[in-house]
Protein chains: 2
Amino acid sequence: MARKTAMRRTGCPINFGLEIFGDRWTLLILRDLLLQNKRRFQELLNSDEGIATNILADRLKRLEAAGVIDRSSDPADGRKVIYRATEKGVALVPVLLEIAAWGATHDAKTDAPADFVPGFKADRAGTIAAFTARLRDD
Amino acid sequence: MARKTAMRRTGCPINFGLEIFGDRWTLLILRDLLLQNKRRFQELLNSDEGIATNILADRLKRLEAAGVIDRSSDPADGRKVIYRATEKGVALVPVLLEIAAWGATHDAKTDAPADFVPGFKADRAGTIAAFTARLRDD
DNA sequence: AATATTACTTGCAATTCGCAAGCAACCTTA
DNA sequence: TAAGGTTGCTTGCGAATTGCAAGTAATATT
């Protein structure tokens, strides 16, 4: 899991994002951290998609290195680690919600609640604000 | 390049998206098709990030299989192939613009024009409409 | 003191990636 | 109409990444 010094391909802002979260797992971890309020390694591990422990550990390291999340140990239980999105991470909520809206719209068998897409379209800013506020509260 | 029958991990709408474009290259191809109006294999190949021909061919096949793009041959030149986003593909413009806005905001050395983020924030719907309209025109 | 939890590493086989070549179909030029 | 160039791919192969299983160290619980 040698952390290689991230070689930038280009200065394109989309490429910048992809070099951080352009893989099959990173945005799922951010989904759990940003939209599902998960905080610990075990919670992230237990997601339905079934990420492996080495991949999860690697992605959390990269996200921390990229300044998207913070890592701290739980003062109430020294074994536990708390992962938390930084402001830079919280700023990805709109990206995740747009992907979710696209997926829910174009997947006939989506698990998304029926009112998600209409609600998001009707009040995009409100939906984003609701998720964002929840992250800053706890 | 064996196309394996895409095994769904879950019905999560974000996972649905990631199974189509959750890798280092696919969204860059869509960037070129959706935001840069590229249409041919060579144009996509010439992007600054330097995608390999086998990867590009593979991703174009997957995008076509997913219904995100259409493939047709150029009536004016039988060697050339025209790749074009479907409605499902055009619907990814907001996703790409959100990623671009995030990248431009958080990358100190971004190549994005200085007025992109302010312009996008001031008139999100207008920015999306401008890109979308351009795709339907030609 | 013994056992369980939590957050990870480590090993290794299997898949995927990326570079370089090759190739078939089509167009252009002479 | 023959020769050469262009276009959109495919093929081979070494290197990197992934994913599963099995550890392990540092706490916490009983």
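Throughout, a chain's letter reflects where its sequence line sits, starting with A, and its residues are numbered from 1.
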Members of residues 69-79 of chain A that approach DNA chain D, where some heavy atom sits under 4.0 Å away: A:D77, A:G78, A:R79
A:Q42, nearest nucleotide to its side chain (from C:dT6, D:dT18, C:dA20): C:dT6
Integer-rounded Å distance: D:dT10 C1' and B:D58 CG: 12 Å
Residue A:A52, side-chain heavy atoms: nucleotide from D:dG19, D:dG8, D:dC9 that is nearest: D:dG19
Nucleotide D:dG19, atom P - distance to CZ of A:R24 in whole Å: 7 Å
Per B:I55 side chain, nearest of listed nucleotides D:dG19, D:dG8, C:dG18: C:dG18
N or O in side chain of A:R39 less than 4.0 angstrom from C:dT6 OP1/OP2: no
Among C:dA20, C:dA7, D:dG19, the one nearest A:N54 by side-chain distance: D:dG19
Euclidean distance, atom CD of residue A:E19 to atom P of C:dC17 [Å, nearest integer]: 16 Å
Short N-O contact, A:E87 and A:R136, less than 4.0 angstrom: yes
Under 3.5 Å side-chain donor-acceptor pair for B:S47 and B:K38: yes
Between D:dC9 (C1') and B:E43 (CD): distance, integer Å: 16 Å
Short N-O contact, B:E49 and B:R31, less than 4.0 angstrom: yes
Least distance between heavy atoms, B:W102 atom then A:K88 atom: NE1-O, 2.9 Å
Separation of atom CG in B:D23 from atom C1' in D:dT17, rounded to whole Å: 13 Å
Options D:dT11, D:dG8, D:dT18, nucleotide nearest the side-chain atoms of B:K80: D:dG8
Phosphate contact (C:dC17 OP1 or OP2) by B:W25 side-chain N/O below 4.0 Å: no
Whole angstrom value for the distance that separates P of D:dG8 from NZ of B:K38: 13 Å
N-O pairing of B:K109 and B:D107 below 4.0 Å: no
Separation between CD1 of A:I99 and CG of B:N15, rounded to the nearest 0.5 Å: 11.0 Å
Sugar-phosphate only, base, or nothing, as touched by B:R40 at under 4.0 Å among non-hydrogen atoms: sugar-phosphate
Rounded distance (Å) that lies between atom P of D:dT24 and atom CZ of A:F41: 18 Å
A:R124 bridged to B:E98 by N-O distance under 4.0 Å: yes
Rounded interatomic separation in angstrom, taking CG from A:L56 and P from D:dC20: 14 Å
